[in-house]
Amino acid sequence: MNQLFRRKNYSATDTSTNLLRVLGTWDIVFFGIAAIIGAGSFSSLGEAVFRGGPGVILLYLICGFACGFTALCYAEFASRIPTAGSAYTYAYASFGELIAWVIGWALIMEYSFGNIYVAFSWSDYFTSFLERLGMHIPDYLTCSYTEAKKAFLNGSENKELINAWTSAPLLGSLKFIVDIPALVINGLITWLCYRGVKESKNFNNSLVILKLAVIVLVILVGFSYINTDNWTPVSIETGTRSFMPNGFAGVMSAVSGVFFAYIGFDALSVLSEETKDPQKTLPKGMIISLALCTVIYICLTLVLTGMVDYRKFDGVGDPLSFIFEKANANVAWMELTVSFVAIVAITTVLLVFQMGQPRIWYAMSRDGLMPKKFQTVHPKYKTPSFATIVTGIAVGVPILFTDKSFILDFTSIGTIFAFVLVCAGVLTLPPKEKIKGRFHLPYINGKIIFPVIFIGALVGFHYFQPDFFDHLMEWNDPKNGEFRASIFFFILINLGLCFLTFIKNLSLIPLIGLSSCLYLLTGMSHENWFYFGLWFAVGLVIYFCYGYQNSKLRNAN
């Protein structure tokens with residue numbers, strides 16, 4: 001049992017010499033913007049707005065707040081452990097081998113499964129752009145089999161998906177439906193990551209500049225079409241105007257779509273061994289990129305909810321071009337421009353995620369928890385070549401049989417869980433020597449401050465939303481029951497944290513990050529938790545069948 005939780009000791013020199021250190025601070029910032037500003041703004045933002053209404057802006061602030069404190073925790077780890085592996089490596093140092101494996105397994109959900117959703121989104125914008133240019137790809141070659149079948153059986157109003165099912169040719173008794181653009185872009189990105197991080201860096205930086213320029217253009221043009229009445233639509237339930245027409249539970253139901261926008265920033269920490277002076281460069285790059293992207297998302301949400309009634313975003317997969325369509329603002333040149341740049345933006349997200357996953361496997365293999373083959377570094381390109389190819393396959397195969405909505409929820413819950421463990425891990429770290437030029441997480445004693453903040457927030461929330469607490473234990477409510485149950489357990493856990501903080505003088509910054517990420521988990525449904533548990537059950541079987549037996553830390557004794 002002790003072996004399962006034995007920690008690995010890292011030093012500042014405990015790094016691989018096989019990977020090239022070519023990334024500077026602004027390269028990290030650009031990779032961060034590439035990962036964060038992409039599918040979240042050009043695709044999942046539409047679903048988030050539909051669920052939460054204009055009030056979804058509050059959720060972006062909550063997620064940005066949570067991710068900001070989490071980024072500080074990542075930065076503290078990055079300054080101590082400048083090696084590839086991200087949260088996996090950090091968990092190994094703070095919680096031990098079993099939890100490290102759990103996090104590594106969760107990161108597969110984030111990077112590999114996340115890129116499945118991103119590939120689908122890229123395909124949607126690519127085919128939409130070709131349509132606007134007068135070129136048509138058959139519908140059964142631009143969506144997944146599962147998506148088309150589900151739309152047909154449920155009587156969806158999506159004509160493209162229905163047509164894909166009804167017009168698809170038969171291979172025996174099976175309809176031939178496959179998303180060719182998604183498969184092609186996955187193959188091209190895998191090839192680019194295989195070739196080298198320097199090539200990927202140059203390609204990424206040029207695309208990010210173009211993407212940011214057009215997003216600024218969207219914000220500037222969009223503000224001139226805003227109708228402020230759209231920010232306070234009429235609530236269906238109460239009949240009164242409200243910033244949160246579906247209530248706060250409705251806002252929280254959008255957490256998967258909103259948080260998906262932020263999951264890319266931690267991918268930067270897997271680039272430690274390819275970063276110049278990572279103890280200084282990584283923390284600075286992560287924090288700058290996160291702050292910039294939060295501001296951009298808030299501005300975009302204000303524009304979308306101000307230009308178009310939030311109810312019109314139901315099923316819209318290309319929200320930034322949708323607001324300029326003929327039925328809305330009717331700005332044809334902006335509609336075409338956004339469609340093109342969306343392809344660019346989502347390509348950069350694919351690139352960053354596809355770079356992240358191989359380096360997780362590389363780090364796990366180096367510790368003996370994955371087969372040695374995953375350590376293979378290409379002699380010419382100096383990239384984890386085998387792991388990159390396997391990642392391409394891991395993303396490509398599920399494209400054939402899964403769909404976007406399932407992948408979106410599945411990815412978000414795994415990432416938030418990883419963030420929770422990173423923040424908790426910082427609380428276990430011993431004090432370190434301060435070295436000039438390196439990032440140091442300030443220690444603020446939370447003994448009194450954290451309990452006051454949390455209990456004060458509870459009192460304040462009860463004052464503004466007394467009805468919510470009056471019905472807190474009504475878990476059978478079909479609309480709000482799950483959220484109430486989640487909040488109940490969130491309160492219990494945080495009261496426990498208040499007690500531990502008072503006894504052990506825990507640091508305030510990671511505590512706030514931990515509490516914020518725990519709050520984001522309250523927006524997850526029971527289906528999310530079921531598949532999350534099933535995924536980890538499979539991971540534990542693999543660990544005990546292979547990782548435990550081959551662990552270098554275990555076999556060193």
Side-chain angles (χ1 to χ4, degrees), residues 35 39 84-86 88 101 104-123 126 141-147 171 174 176-197 199-200 263-264 267 270 346-366 369-404 406-408 410-411 414-415 531 534-535 538-539 541-543 545-547:
S86 182
Y88 159 76
W101 169 268
W105 195 243
L107 291 174
I108 295 175
M109 295 170 66
E110 177 177 350
Y111 298 131
S112 295
F113 284 82
N115 246 6
I116 297 169
Y117 179 88
V118 179
F120 280 136
S121 298
W122 189 93
S123 175
F126 180 73
L141 297 179
T142 61
C143 65
S144 72
Y145 180 92
T146 305
E147 200 170 15
L171 291 178
L174 185 69
F176 181 76
I177 302 176
V178 60
D179 198 328
I180 296 296
L183 289 172
V184 170
I185 190 61
N186 173 61
L188 291 174
I189 291 295
T190 301
W191 172 79
L192 184 60
C193 292
Y194 183 88
R195 287 295 304 269
V197 69
E199 290 77 8
S200 301
I263 68 176
V270 306
I346 297 174
T347 301
T348 62
V349 181
L350 281 164
L351 176 63
V352 176
F353 279 20
Q354 209 84 331
M355 287 179 66
Q357 182 57 64
R359 285 151 181 82
I360 299 293
W361 276 331
Y362 176 86
M364 296 175 74
S365 176
R366 193 161 55 186
L369 303 185
M370 296 286 284
K372 190 175 181 180
K373 187 68 174 175
F374 284 90
Q375 293 182 59
T376 303
V377 174
H378 195 283
K380 178 181 178 181
Y381 302 134
K382 301 299 182 183
T383 57
S385 51
F386 178 77
T388 299
I389 293 172
V390 173
T391 298
I393 295 172
V395 174
V397 172
I399 285 175
L400 300 172
F401 59 82
T402 190
D403 64 272
K404 292 194 289 288
F406 170 76
I407 290 295
L408 181 64
F410 193 52
T411 303
T415 306
Y531 286 110
L534 187 62
W535 173 255
V538 173
V541 170
I542 295 175
Y543 169 71
C545 289
Y546 182 88

Pair F120-I399, side-chain contact (heavy atoms from CB on, under 4.5 Å): steps then yes or no: CA-CA 8 Å; F120 280 136; I399 285 175; 4.0 Å; yes

Working for side-chain contact (heavy atoms from CB on, under 4.5 Å), residues F126 and I185: CA-CA 10 Å; F126 180 73; I185 190 61; over 6 Å; no

Derivation of the side-chain contact (heavy atoms from CB on, under 4.5 Å) call for W122 and N186: CA-CA 10 Å; W122 189 93; N186 173 61; over 6 Å; no

T146 and T402: CA distance, side-chain angles, deciding distance, side-chain contact (heavy atoms from CB on, under 4.5 Å) verdict: CA-CA 6 Å; T146 305; T402 190; 5.6 Å; no

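Taking the side chain as every heavy atom from C-beta outward, L141 and V178 approach each other to under 4.5 Å.
In terms of heavy-atom proximity, I116 sits nearest to V395 at CG1-O, 3.7 Å. The shortest heavy-atom contact between Q375 and Y362 is O-CE1, 3.5 Å. Contact between P181 and S123 at its shortest, heavy atoms only, is CB-OG, 3.5 Å. When every heavy atom of L174 is checked against every heavy atom of Y145, the shortest pair comes out as CD1-OH, 3.7 Å. For L369 against W101, the heavy-atom pair with the smallest separation is O-CZ3, 3.4 Å. Residue M370 comes nearest to Y546 through the heavy atom pair C-CE2, 3.5 Å, listed as atom of the first residue, atom of the second, then distance.
Donor-acceptor pairing under 3.5 Å is recorded for the side chains of Q354 and T190.
Note that CD1 of I189 is 10.0 Å distant from CH2 of W191, once rounded to the nearest 0.5 Å. Here CD1 of I360 is found 10.0 Å from OG1 of T391. Values are rounded to the nearest 0.5 Å. Within the model, atoms CG of L400 and CD1 of I177 stand 12.0 Å from one another, a figure rounded to the nearest 0.5 Å.
No side-chain donor-acceptor contact under 3.5 Å links S144 to the backbone of F401. Under a 3.5 Å cut-off, the side chain of W105 and the backbone N or O of V538 do not form any donor-acceptor pair.
Taking the six-membered ring for Trp and thresholds of 30 and 60 degrees, H378 and Y194 have ring planes more than 60 degrees apart, a perpendicular arrangement.
Aromatic pair F374/F386: ring centres closer than 6.0 Å.
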